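Working notes, beginning with the structure itself.
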Amino acid sequence: MPNQTIAHSILKAKGKLLEWVEDTVVREVPLTVHYNREEIATLLCSPSQTEELTLGFLFNEGFIRVPEDVYEIRLDPSDHMIWVEGKPCVLQKELMSKRFVSACCGKSRASFCFANDALMVKPLTSTYSILLQEAYDYAKFLQSYLPLFQKTGGVHSGGVGYKGNVILTSYDIGRHNVFDKLGGEAFRTKLNLENHVIFFSGRVSSEILLKVAKMKVPILIARGAPTDMALSQATALNITVVGFAREQRLNIYTCPERIIL
């Protein structure tokens, strides 16, 4: 695994005392994704789970739908390049314009009614529910599963849970990359997420909500706040959004029937 951090000399202030110390800083790398020999996008990300990130990104953008669509993956970690050979995509020409996706916000979306989103996102029909204590337990796990955050303060983290068990985890400097990595791992292992929970350390934007909808996950638990557009989408798509989740407190914003005592 590549180094996730580097040492950096900083001038640390405490009151009126200034002192030079070595600090630990999280790494950020550009990962350029190619699909069928075409450059698709450069993702700014943490240098971990790069194949999962690529698969999740290609899935969420509509290039691939099932694992059999992927024929080969080749990674050049030294140049931060990844090549995927796969099934030709009907939407490929429309999606081929090269984009630079930032680690902070990803693509800006005024609404989710872009062509590929409209084709891929449908209201969920899952009746899956969890106990309130289970939601608290996932929030508690987020607080403990943050070793790189505790070391650097520079990453988001997330995971997938089922019946109180944590079955997938990921972290990244980009909050949307966390979801692509989780989605990519589920895609690769053919894990159906329709009756699962995703929990996440950050806030919930409309872009994050869309990724959850494309993964068909009915419950999203976040430590941060949701946006109004995300909640409008969650209501329309029948997704339960929980925000400000801590060990023993949280807010249920949409579809509260899935969180039971």
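This is a predicted model, so every value here is computed, not measured. Computed over heavy atoms, backbone and side chain alike; hydrogens, waters and symmetry mates excluded.
A donor-acceptor pair is defined here as one N or O able to donate and one able to accept, closer than 3.5 Å; no such pair exists between the side chain of D79 and the backbone of D76. Judged purely by atom type and a 3.5 angstrom limit, N238 has no side-chain atom pairing as donor or acceptor with the backbone of C255. In this structure a side-chain-to-backbone donor-acceptor pair under 3.5 Å is missing from E52 to E185.
Checked against salt bridge (Lys or Arg N to Asp or Glu O under 4.0 Å), R249 has no partners two or more places apart in sequence or in another chain. Every residue two or more places apart in sequence or in another chain that forms a salt bridge (Lys or Arg N to Asp or Glu O under 4.0 Å) with K190 is listed here: E68.
Here F179 and F200 bring their ring centres to under 6.0 angstrom of each other. Ring to ring, H156 and Y171 are not that close: their centroids are 6.0 angstrom or more apart.
Looking at E134 and K163, no side-chain N of the basic residue comes within less than 4.0 Å of a carboxylate O on the acidic one, giving no salt bridge.
To the nearest 0.5 Å, the span separating CD1 on I221 from OG on S201 amounts to 13.5 Å. Put simply, CD1 on I173 and CD on E28 are 3.5 Å apart, with the number rounded to the nearest 0.5 Å. Atom OG in S157 sits 14.0 Å away from atom CZ in R175 (nearest 0.5 Å). Atom CG of residue D172 and atom CD of residue Q49 lie 8.5 Å apart, to the nearest 0.5 angstrom.
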For side chain to side chain donor-acceptor pair (under 3.5 Å), just list the numbers for E85 and Y35, CA-CA rounded to whole Å, side-chain angles, deciding distance to a tenth of an Å, and then say yes or no.
-> CA-CA 6 Å; E85 297 295 323; Y35 189 74; over 6 Å; no
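Scanning all heavy atoms of the two residues, the minimum distance from H176 to I208 falls at CA-CD1, 3.8 Å. Nearest heavy-atom pair, S48 versus Q4, reported as atom, atom and distance to 0.1 Å: CB-OE1, 3.6 Å.
Within 6.0 Å of OH in Y162 there are 12 or fewer heavy atoms belonging to other residues, nucleotides or ligands.
The cluster map of Ile, Leu, Val, Met, Phe, Trp and Tyr, joined by side-chain heavy atoms under 4.5 Å apart, puts V29 and I73 in different clusters. Residues L124 and I260 do not share a hydrophobic cluster, clusters being chains of Ile/Leu/Val/Met/Phe/Trp/Tyr side chains in contact below 4.5 Å.
In this structure, R65 forms a cation-pi arrangement with F59, its terminal cationic atom sitting closer than 6.0 Å to the ring centre and no more than 45° off the ring axis.
Aromatic ring pairs are classed by plane angle as parallel below 30°, tilted from 30° to 60° and perpendicular above 60°; the pair Y253 and F244 is tilted.
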